[in-house]
Amino acid sequence: MEQSLKNLEQEGLKAIHGCTSIETLREVELEYFGRKDGKLTNIMKGLKDLSNEEKPKIGQLSNAVKGVLEKALAAKLQAFENEKLQKELSSDFFDTTIPGKARTVGHIHPIAQVQEEVERIFSQMGFAVMDGPEIESEYYNFEGLNIPADHPARDMQDTFFVAGKNDEKYGRMVLRTHTSPVQVRTMEKYGAPLRVIVPGRVFRYEATDASHDSTFNQVEGLLIDKDISLSHLKGVMAEFLTRLFGKPVKVRFRPGYFPFVEPGVELDFSCLLCAGKGCRVCKHSGWVEFMGAGMVHENVLKAGGIDSKKYQGWAFGFGLTRLVMMRYGIDDIRLLTSGELRFLRQF
Ligand code: PHE
């Protein structure tokens, strides 16, 4: 018994050292240590049948043989792995003359670029930047803005209605047709005094062409305080446009109509291209139509929970998309939402 164990040890060591690959090493491991029919395993299993005298001696010896073989297996495995690593390292030639792989980096969309500038300038003038939902209730989009259900002004804006609930107070849900609903939301939330702008996407159910798209961006403005008049609006807008364009800009009012303001105005600015002399861009008038505005209607202040005896203010809304088109000389609005990279990469 003792002798056969010693022979097994010699035989095992020889087999291990003779291995030429990890695979053959695994086979040898199985041959000796395999759970079912391993040579050493079988001896260990047979220990229990030995006499009490032999048991401790043979037990100790077989443990020793097991240890020796295990150690030899581990050492051989390590040797194979080192060899493999060595091979990989020496073949890993790095050619420093190959040109680098450039990563494609995205950039900010032209509308977002101009929006950031608008936000920066109004922030400098003490306006906060507000947000509102794009899916809006009829109440905030129309009723709260003094546009009742049967008012002809509703025809001015063709609306996308969203299927679903029809609330008694808030009505149906729509894709907001302008950023003005955030006027009432802001008044409800913060009360007076107030100074905010609201940039955001708006939606109209319209046929699209070079100057109309179903989705575009507006910027709403709202200022509520004591003793506010339209002259404050004129000053703020002249300053805003002058900072935006980096040269002196003049503004003028014309009468305009929106149900949520009284009086209502349209604001034009002096054409930058011809300095007011008249050109194709300003249709030879020297002025460019820019936005609707006016003193916030009493009913709108009421909807926002503001005491119109104490406070008044103005609101405006301009097309951010149109401003971007003017700024970069883009003649088709649809390009801005097309996702066309050949177009977008120019900005
Ligand atoms: N909401 C109006 C529009 O979309 C613009 C506007 C805003 C007019 C605020 C007056 C006051 O045309």
Side-chain angles (χ1 to χ4, degrees), residues 111 115 118 122 127 129-134 136-148 151-160 174-187 194-206 211-225 228-234 236-237 240-241 251-269 288-304 306 308 312-325 333:
I111 289 182
Q115 181 177 323
V118 170
F122 275 103
F127 286 75
V129 180
M130 285 290 295
D131 226 343
E134 292 179 347
E136 184 55 282
S137 65
E138 278 186 288
Y139 172 76
Y140 283 112
N141 199 78
F142 298 118
E143 269 87 357
L145 291 168
N146 199 39
I147 316 175
H151 196 286
R154 289 229 182 164
D155 300 334
M156 285 161 55
Q157 300 175 343
D158 291 308
T159 308
F160 286 111
V174 301
L175 299 189
R176 67 177 177 192
T177 58
H178 49 181
T179 41
S180 300
V182 191
Q183 284 187 30
V184 177
R185 286 182 174 277
T186 310
M187 289 189 264
L194 206 59
R195 232 190 264 194
V196 295
I197 59 160
V198 188
R201 281 204 302 178
V202 303
F203 310 88
R204 297 206 190 156
Y205 184 51
E206 284 182 331
S211 50
H212 296 86
D213 205 347
S214 55
T215 302
F216 56 100
N217 292 62
Q218 285 189 332
V219 177
E220 194 81 8
L222 177 66
L223 184 145
I224 309 276
D225 213 323
I228 295 301
S229 77
L230 283 180
S231 58
H232 295 116
L233 175 62
K234 210 168 181 177
V236 165
M237 291 317 289
F240 161 66
L241 290 164
V251 297
R252 75 171 185 188
F253 286 148
R254 284 177 294 113
Y257 173 70
F258 302 93
F260 32 97
V261 286
E262 178 61 38
V265 298
E266 299 271 354
L267 183 140
D268 303 338
F269 63 79
V288 177
E289 287 182 27
F290 184 55
M291 66 175 202
M295 297 302 292
V296 178
H297 196 287
E298 200 186 333
N299 291 347
V300 178
L301 289 172
K302 207 179 283 166
I306 286 178
S308 59
Q312 61 285 136
W314 41 251
F316 65 78
F318 66 79
L320 182 65
T321 305
R322 258 200 66 215
L323 188 62
V324 172
M325 291 172 73
I333 188 172

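Remember, it's 1-based here, ligands and their atoms both numbered in the order they're listed. Worth saying up front: this structure is predicted, and the values here are computed from it rather than measured.
- Ligand 1 is approached by Phe260 to a heavy-atom distance shorter than 4.0 Å.
- Distance check: Glu206 CD to Asp213 CG gives 9.5 Å after rounding to the nearest 0.5 Å.
- Atoms OG1 and CD1, on Thr215 and Ile333 in that order, are 9.5 Å from each other to the nearest 0.5 Å.
- Between Ser180 and ligand 1, at least one N/O pair is under 3.5 Å apart.
- Arg204 contributes a side-chain N or O that, together with a main-chain N or O of Thr177, makes up a donor-acceptor pair within less than 3.5 Å.
- No donor-acceptor pair under 3.5 Å is formed between the side chain of Glu266 and the backbone N or O of Arg254.
- Note: Phe127 and Phe122 have perpendicular aromatic rings, judged against thresholds of 30 and 60 degrees for the angle between ring planes.
- At least one N or O atom of Arg204 sits closer than 3.5 Å to an N or O atom of ligand 1.
- Under the 4.0 angstrom criterion for non-hydrogen atoms, Gly294 is not in contact with ligand 1.
- Residue Ala293 has at least one heavy-atom neighbour below 4.0 Å for each of these atoms of ligand 1: 8 (C), 10 (C), 11 (C).
- Note on ligand 1: Met291 sits outside its first shell, no heavy atom being nearer than 4.0 Å.
- We find the OG1-NE2 distance between Thr159 and His178 to be 8.5 Å, quoted to the nearest 0.5 Å.
- With values rounded to the nearest 0.5 angstrom, Arg201 atom CZ is found 10.5 Å from Thr321 atom OG1.
- Backbone and side-chain nitrogen or oxygen atoms of His178 are examined, and one is located within less than 3.5 angstrom of a nitrogen or oxygen of ligand 1.
- Near Gln183, with a cut-off below 4.0 Å to any heavy atom, the atoms of ligand 1 are 9 (C).
- Here Phe316 contributes atom CZ and Leu230 contributes atom CG; the two are 12.5 Å apart, rounded to the nearest 0.5 Å.
- Atom numbering of ligand 1 starts at 1 in the shown order; those under 4.0 Å from a heavy atom of Phe258 are 8 (C), 10 (C), 12 (O).
- At a heavy-atom distance under 4.0 Å, only backbone atoms of Phe316 (N, CA, C or O) approach ligand 1.
- Each of the following atoms of ligand 1 lies closer than 4.0 Å to a heavy atom of Ala315: 9 (C), 11 (C).
- Look at Arg176 and you'll find every heavy atom at least 4.0 Å from all atoms of ligand 1.
- Counting atoms of ligand 1 from 1 in the listed order, those under 4.0 Å from a heavy atom of Gln218 are 3 (C), 4 (O).
- Taking OG from Ser229 and CE from Met295, the interatomic distance works out to 6.5 Å, rounded to the nearest 0.5 Å.
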